[in-house]
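It should be emphasised that the depicted structure is a prediction, and the values quoted were computed from it without experimental measurement. Worth knowing before you read on, the calculation uses all heavy atoms, side chains too, and leaves out hydrogens, waters and symmetry mates.
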Amino acid sequence: MHELSIAQSLLAVIKEEMAKHGKETLVSVKVKHGRLSAVVPEALDMAFTVLTTDTPLADARLDLEEIPVTLRCHACGQEFTPDAATVPLAPCPACGEELGHTVLSGRELYIDYLELE
């Protein structure tokens with residue numbers, strides 16, 4: 001379960017930002033993750049909850065948002081968002097090409113914002 005190590009890294013960054021800004025309370029954190037990042041939202045939420053239990057961050061809310069996959073066809077240049085079920089072999093809606101697309105989005109994993117007090 002790599003979500004545990006992701007949650008540990010997120011908490012390290014959060015604590016660093018809290019210290020940098022002289023804040024003591026984390027109200028919420030929003031994390032954006034790409035569909036191809038292999039993050040299981042439920043597992044990340046559980047890991048965050050486990051790691052913050054009985055700490056000053058225990059009441060913080062973790063908001064997760066999935067970023068869809070966007071591809072650019074290598075044959076015709078069309079940008080498109082494939083259906084979730086067709087991502088490994090995603091036919092271009094313009095020309096039908098299935099392989100060799102460039103991934104424009106969907107691999108991200110980052111903290112979008114922190115709400116601190």
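Closest approach of Pro93 to Phe80, counting heavy atoms only: CD-CG, 3.4 Å. Contact record, Ile111 with Ile14: CD1-CG1, 4.2 Å, taken as the closest heavy-atom pair. Across all non-hydrogen atoms, the minimal contact from Ala7 to Leu51 is CB-CD1, 3.7 Å. Nearest heavy-atom pair, His2 versus Ala38, reported as atom, atom and distance to 0.1 Å: CE1-O, 2.9 Å. Between Gly100 and His74, the shortest heavy-atom distance links the atoms O-CB, 3.2 Å. When all heavy atoms of Tyr113 and Ser28 are compared, the closest pair comes out as CE1-OG, 3.9 Å.
Val39 and Ile67 sit in two unconnected hydrophobic clusters of ILVMFWY residues. Membership requires side-chain heavy atoms under 4.5 Å apart, directly or through other members. In the hydrophobic clustering of ILVMFWY residues, with side-chain heavy atoms under 4.5 Å counting as a link, Leu114 and Tyr110 come out apart. Cluster membership check: Leu64 shares its hydrophobic cluster with Leu10, using side-chain heavy-atom separations under 4.5 Å among Ile, Leu, Val, Met, Phe, Trp and Tyr.
Proximity of a side-chain donor or acceptor of Glu3 to a complementary backbone N or O of Val40 within less than 3.5 Å is detected. The closest donor-acceptor contact from the side chain of Thr55 to the backbone of Leu57 lies under 3.5 Å. No donor-acceptor pair under 3.5 Å is formed between the side chain of Thr70 and the backbone N or O of Gly106.
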### Query
How far apart are the C-alpha atoms of Val69 and Thr81, what are their side-chain angles, what is the distance that settles it, and do they pass the side chain to side chain contact (heavy atoms under 4.5 Å, CB included) test?
CA-CA 6 Å; Val69 175; Thr81 299; 5.5 Å; no
### Query
Asp63 and Val29: side chain to side chain contact (heavy atoms under 4.5 Å, CB included), yes or no, with the steps?
CA-CA 6 Å; Asp63 297 321; Val29 56; over 6 Å; no
### Query
Could you go step by step and tell me if Leu11 and Phe48 meet the side chain to side chain contact (heavy atoms under 4.5 Å, CB included) rule?
CA-CA 8 Å; Leu11 288 169; Phe48 184 84; 3.6 Å; yes
### Task
Step by step, work out the salt bridge (Lys or Arg N to Asp or Glu O under 4.0 Å) result for Arg35 and Glu66.
CA-CA 6 Å; Arg35 183 165 196 72; Glu66 184 176 86; 2.7 Å; yes
### Message
If you apply the rule side chain to side chain contact (heavy atoms under 4.5 Å, CB included), what do you find for Met18 with Leu26, and how did you get there?
### Response
CA-CA 8 Å; Met18 289 175 71; Leu26 173 65; 4.1 Å; yes
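Salt-bridge check for Arg72 with Glu79: passed, with a basic side-chain N closer than 4.0 Å to an acidic carboxylate O.
Pairs of residues two or more places apart, or lying in two chains, that qualify as salt bridge (charged side-chain N to carboxylate O under 4.0 Å, His left out) and include a residue from residues 21-30 are Lys30-Glu65.
Ile6 contributes atom CD1, which lies 7.0 Å from atom OG of Ser37 (distance to the nearest 0.5 angstrom). From Glu117, atom CD reaches atom NE2 of His21 across 15.0 Å, with rounding to the nearest 0.5 Å. Taken from NE2 in His33 to CG in Asp112, the straight-line distance is 12.0 Å, to the nearest 0.5 Å. Rounding to the nearest 0.5 angstrom, the gap separating the CG atom in Leu36 from the CZ atom in Arg107 is 6.5 Å. With rounding to the nearest 0.5 angstrom, the CD atom of Glu97 is 9.0 Å from the SG atom of Cys76. Atom-to-atom distance recorded for Asp59:CG and Thr52:OG1 is 8.5 Å, nearest 0.5 angstrom.
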